[in-house]
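Reading through the structure tokens given below for one structure.
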Amino acid sequence: MLTPETDKKLFLIDAYAIIFRAYFAFAKNPRINSKGLNTSAAFGFTNSLIDVLKKEKPTHIAVVFDPPGGSVTRKESYEAYKAHRNETPEGIITNIEPIKRIIDAFNIPIIEVEGYEADDVIGTMSKMAEKAGYLTYMVTPDKDYGQLVTERSLMYKPGRGGEPAQIWGPKEICEKFELDSVDQVIDYLGLMGDASDNIPGMPGIGPKTASKLLKEFGTMENIFAHTDQLKGKQKEVFETQQSLGLLSKELARIITDVTVEFNEEQLELNDPDPDKIRAVFADLEFKGFTQKILGEELVVTAAGKVNELGQLDLFGVNDVEQVEQKVTAEVSGFKTFETETTNYQLVQTPEERKELLDLLMQQKEVCFDTETTGLDSLHADMVGMSFSFKAGEAFYVPTPVNYEAAKAIVEEFRPFFESGDILKIAHNVKYDLKILRRYNVRVAYPMFDTMIAHYLISPESKQGMDFLAEFYLQYKPISIETLIGKKGKNQGNMGDLAPEEISDYACEDADITFRLKQIFAPEIEKDHLKSLFYDMEMPLVEILADMEREGIAIDSQFLKDYSNQLGNQLAELETGIKEMAGMDFNVDSPKQLGDVLFDHLKISAKAKKTKTGQYATSEDILQSLVNAHPIIPKILEYREYKKLKSTYVDPLPTMKDAVDGRIHTQFMQTVTATGRLSSNNPNLQNIPIRTEAGREIRKSFVAKNGDYQLLAADYSQIELRIIAALSEDKNMVAAFQSGEDIHAATASKVYGVALKDVSREQRSAAKAVNFGIIYGQSAFGLSQNLGISRTEAKQIIDSYFEQYSTVKTYMDGAIAQAREKGYVETIYKRRRYLPDINSANAVVRGFAERNAINAPIQGSAADVIKLAMIAVYREMKKAGVKSRLILQVHDELVFDIHKDEVELMKNLIKNAMESAVNLIVPMKAEMELGNNWLEAH
DNA sequence: GACATCACG
DNA sequence: ACGTACGTGATGTCT
């Protein structure tokens, strides 16, 4: 028998292991119900449980908990055992009782044995089940269970984030741990130890070494018997620390002879208890689950259909004869919708529109959304508009295909869009602003963008409306694909659909967005987000919309000529490279290139590999081999030109707008973890400048026309100034206040020489340290960067922190704050959450610590320039200038400046940028004018 | 779609 | 023993 066949499938769930994982999976977006209870753990656990029930169809099942007191036996054998384990988070403790209620509602037995941990109980039961002819699945992500795996007892690692669950049998265990047999798992765990379980392990032995030793010696004991075959430190460790190794092995061993009952009848899977299910999920406010589990009939109304029947009384909702429609769509076996009545209405006649507008004008807040023929907001045609001002109710106003006719209908709603009293709610409102500008409507503030609101609440989350609807409303909206098909050349177009087909979709979007606003608004009203949202992010939306619409002019002929030149150089380099290689290959393929350099030409014996096992050929590695073979400099040159041609020179002319011939990027406001903007389609925030050949490309970005010039204004050292301000370090603040060259001033302090005697090398090293500080670098990082020894790097860093001692205090404080509160924040209270800050894994924790240092710096700089943009924009509007703000590149603003406004604009910009914030360190803006972007630097 | 590489601040 | 500086987006290869 190759695969075990059995009718009896037993699932044993390691409760705490699943709960812990569920809790931390929601660390970035904890689920909080209206009572303020964090329900992440219960929600995640329930998801996993339902997943197992639905997908695996167990015949028998139990959930095993660790008892409150923990295990007795292991504590006796090793007192430090679990003594240092982090305390169970509050959010888990408060969820244990509800989770047990949920399991009980499912009629699933809960097993808890005093004095024994869940793994011991599950281990014992799996052995008993095996004898009774069961196929057992141990549900846990914990690798320690590997030792229990047999052909008939498997590990079941629940899926996460859409990933499918993994089932590990003996074969998979041996592969994952690189062992010959499952019997070696305990030796393996004992050798390498486990910091989170406080199993010490052998000093200096990690997973790789553990696998290697066991492949060679078979067991831990056998290693001790043959220490003569080891050498160096390893030999010493295995000769002197045998008892530690054996103890670790015993700590890792899961007990399989616990006294526990194996009651087949009790383990049998039963139907859930509907009353208990309803009660517990209502308590926790998990709306979606009850329906999922009990599978009740679904009803939605299709108001659009009502209209077809000619029975629509638009606003006398009670008189509407609602057509009930059974929805059978299923998602992973469950029904899609809840039983809920919605009232979505199609508004088509002038009378109905008038009635709708009157209603809109009476509201304090209205959610709106536009439907269009495509995603290109500068040219897409409007297909319709939807509105909602009450959960469950929405209206859809179709607009005709003909532009002028559509414009006339949009015009009817101008009083609404231009009202300064009604709060206009939308998801990603920048898009709708741009669409409406095509119809000559400028939407007036106040506005509330639910996408931006959620970005501030949870910056690293997904921000799409569909995702938020599922997360916060347990509601899966009609997908756009249902309407117009999947992405690709056959994708249809909203313009080809009848209003009746679009209405429910459009209404639903407005309805959902309205409901999301009600959930997010209270969060935004809190101290730390209110000003950030209303005074910074929302005002910025209109500015970005204007910048995107404005675009920037490029000289395509210049780029085409340059493309030819690069093409010729590339062809020549390619021939040379292949000749030197003595073979034909694809120079663009890092994989082939690596093989050519290190296998075929054998340029270096100690070539580095990437994590996927290929030879690494990145620039810094090639740079270190530049003198090893004449092919290397050719490849570096080839790479440079190829990048420029394929990323910038060739695509840019093709991205010119067909109507105005300008390049229109999109600025994304809800993408970065730190609060910066990002730019795409095309990305105009990474146009080359560092190399001679790259700089050429900047010449192709030109002023609008002969009446204009480009002006680039950038903040000088904004991030270092912010460190100085945040840390209030006397020495660093003084350096900025006196207007010194900060890198030279730093060098003078670090090396103890007079400012005038600072050498070029010293200044450049100081500059590297100043940069490194921003990123929370280590001595290793600096030594790599400067090509000096780690000892030297450490000396420089030590000296730096002696001179700027408060900077060090500040950095330590940032990490401490992250540990304590779980987040760090910018000067405008923008938060970044760092759930990994207390990770037991030093690498993971290191990343979080560097983020704790970097995020407030990078994020505060982003705050400053955003405020500057708002100030500049307001002043420009006040002055009524022809000049326009067109780009933002993190610390730089680019303008089309009308030649009559040069002096005015220079003063206006400098003033707005330098007084955007008032910190103890002055902000300095520098600017330059030119006919193209290169000259403006 | 993942990965490697490289453009910018 | 581990890995090693923060934040992005676009391109080409390869599966």
Side-chain angles (χ1 to χ4, degrees), chain A residues 191-193 195 201-210 233-234 237 459-460 586-594 609-622 636 639-640 642-652 655 665-668 671-691 693-695 697-698 714-715 717-719 768-769 771-785 790 793 832 841-859 861-862 865 887-892:
Chain A
L191 282 173
M192 67 175 201
M202 293 298 279
I205 307 296
K208 294 286 169 200
T209 319
K233 187 105 191 178
Q234 222 167 57
V237 166
E460 289 175 80
N586 184 348
V587 187
D588 292 336
S589 163
K591 183 175 145 64
Q592 293 182 34
L593 178 66
K609 299 272 183 86
T610 65
K611 62 183 168 191
T612 50
Q614 293 178 41
Y615 291 115
T617 66
S618 57
E619 187 183 343
D620 53 335
I621 289 177
L622 295 188
L636 284 167
R639 283 251 177 101
E640 182 186 359
K642 177 80 185 183
K643 179 85 178 179
L644 296 176
K645 186 169 187 291
S646 69
T647 307
Y648 306 99
V649 178
D650 287 342
L652 280 173
M655 304 192 76
T665 183
Q666 292 189 60
F667 289 104
M668 311 302 282
V671 170
T672 69
T674 54
R676 276 189 177 181
L677 299 177
S678 83
S679 154
N680 64 20
N681 291 308
N683 183 353
L684 296 186
Q685 290 182 323
N686 72 347
I687 301 302
I689 194 166
R690 291 172 188 170
T691 68
R695 263 198 293 279
I697 295 169
R698 295 220 165 200
D714 65 292
Y715 276 113
Q717 306 297 349
I718 186 168
E719 292 188 333
V769 186
F771 267 102
I773 293 305
I774 295 170
Y775 304 137
Q777 82 173 157
S778 60
F780 178 88
L782 183 68
S783 69
Q784 284 285 299
N785 191 7
R790 219 191 289 201
R832 176 164 187 184
N841 180 329
V843 177
V844 172
R845 192 174 63 243
F847 268 105
E849 287 172 355
R850 294 195 294 275
N851 282 330
I853 294 167
N854 176 261
I857 299 167
Q858 190 183 116
I865 197 162
L887 296 178
Q888 188 251 42
V889 192
H890 311 307
D891 65 354
E892 169 185 3

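- As a whole-Å value, the separation of A:Asp714 CG from B:dC8 P is 15 Å.
- No contact: A:Ala855 has no heavy atom under 4.0 Å from any strand.
- As judged by a 4.0 angstrom heavy-atom cut-off over every strand, A:Ser778 is placed among the base-contacting residues.
- Put simply, the side chain of A:Ser783 gets close to the backbone of A:Phe780: a donor and an acceptor are under 3.5 Å apart.
- Among the heavy atoms of the strands, none lies under 4.0 Å from A:Glu719.
- Residue contacts shown for A:Ala673 are limited to sugar-phosphate atoms, with no base heavy atom under 4.0 Å away.
- Contact annotation: A:Thr612 side-chain N/O to B:dA4 OP1/OP2 distance is under 4.0 Å.
- At the heavy-atom level, A:Asn686 lies under 4.0 Å from base atoms of the strands shown.
- One P atom belongs to B:dT5, the other to C:dT4, and the distance between them is 14 Å to the nearest Å.
- A cation-pi arrangement is not found for A:Lys591 relative to A:Tyr615, the charged atom failing to lie both closer than 6.0 Å to the ring centre and inside a 45° cone about the ring normal.
- Residues A:Asn586 and A:Gln234 both approach DNA chain C. Their nearest nucleotides, taken by heavy-atom distance, put A:Gln234 toward the 5′ side.
- Atom C1' of B:dC6 sits at a distance of 31 Å from the matching atom of C:dA1, rounded to the whole Å.
- Using modelled atom types, one finds a donor on one side chain and an acceptor on the other under 3.5 Å when comparing A:Thr665 with A:Ser679.
- A:Gln592 places a side-chain N or O within 3.5 Å of a backbone atom of A:Asn586 that can act as its donor or acceptor partner.
- Among the atoms of the strands shown, none is found under 4.0 Å from any heavy atom of A:Ile773.
- Taking atom NZ on A:Lys611 and atom P on B:dT5, their separation rounds to 11 Å, with Å as the unit.
- Reading DNA chain C from its 5' end, the first and the last nucleotide to sit under 4.0 Å from a heavy atom of chain A are C:dA1 to C:dC14.
- The NZ atom of A:Lys609 sits 13 Å away from the P atom of B:dA4 (whole-angstrom rounding).
- Nucleic acid contact for A:Arg790: base, since at least one base atom lies under 4.0 Å from a heavy atom of the residue.
- For the pair A:Val769 and A:Leu782, the minimum side-chain heavy-atom distance is below 4.5 Å.
- Using a 4.0 Å heavy-atom cutoff across all strands shown, A:Arg850 reaches sugar-phosphate atoms only and no base atom.
- Geometrically, A:Arg850 engages A:Phe847 in a cation-pi contact, judged by NZ or CZ lying under 6.0 Å from the ring centre and within 45° of the ring axis.
- Residue A:Ile697 contributes atom CD1, which lies 16 Å from atom P of B:dC6 at whole-angstrom precision.
- Here B:dC8 sits opposite C:dG7 as a Watson-Crick or G-U wobble pair (both hydrogen-bonding atom distances under 3.5 Å).
- Comparing A:Asn851 and A:Pro651 along DNA chain C, the residue whose closest nucleotide (by nearest heavy atom) sits nearer the 5' end is A:Asn851.
- Nucleic acid contact for A:Phe771: base, since at least one base atom lies under 4.0 Å from a heavy atom of the residue.
- Side-chain atoms of A:Thr647 come within 3.5 Å of backbone N or O of A:Lys643 as a donor-acceptor pair.
- As a whole-Å value, the separation of A:Gln592 CD from B:dT5 P is 14 Å.
- Residue A:Glu619 is in sugar-phosphate contact alone, with no base atom involved, counting any heavy-atom pair closer than 4.0 Å across all strands shown.
- The backbone N or O of A:Gln888 sits less than 3.5 Å from a side-chain atom of A:Gln685, completing a donor-acceptor pair.
- Inspection of the A:Thr617 and A:Arg639 side chains reveals an N or O donor paired with an N or O acceptor under 3.5 Å.
- Rounded to whole angstrom, the span from the CD1 atom of A:Ile689 across to the C1' atom of B:dA7 amounts to 12 Å.
- At the heavy-atom level, A:Gly776 lies nowhere under 4.0 Å from the strands shown.
- Residue A:Arg690 has no polar side-chain atom (N or O) positioned under 4.0 Å from OP1 or OP2 of B:dA7.
- Atom CG of A:Asp588 and atom P of B:dC6 are 12 Å apart (whole Å).
- Going from atom CD of A:Glu640 over to atom C1' of B:dA7 covers 11 Å, rounded to whole Å.
- At a threshold of 4.0 angstrom between heavy atoms, the contacts of A:Ile687 are confined to the sugar-phosphate backbone, with no base atom among them.
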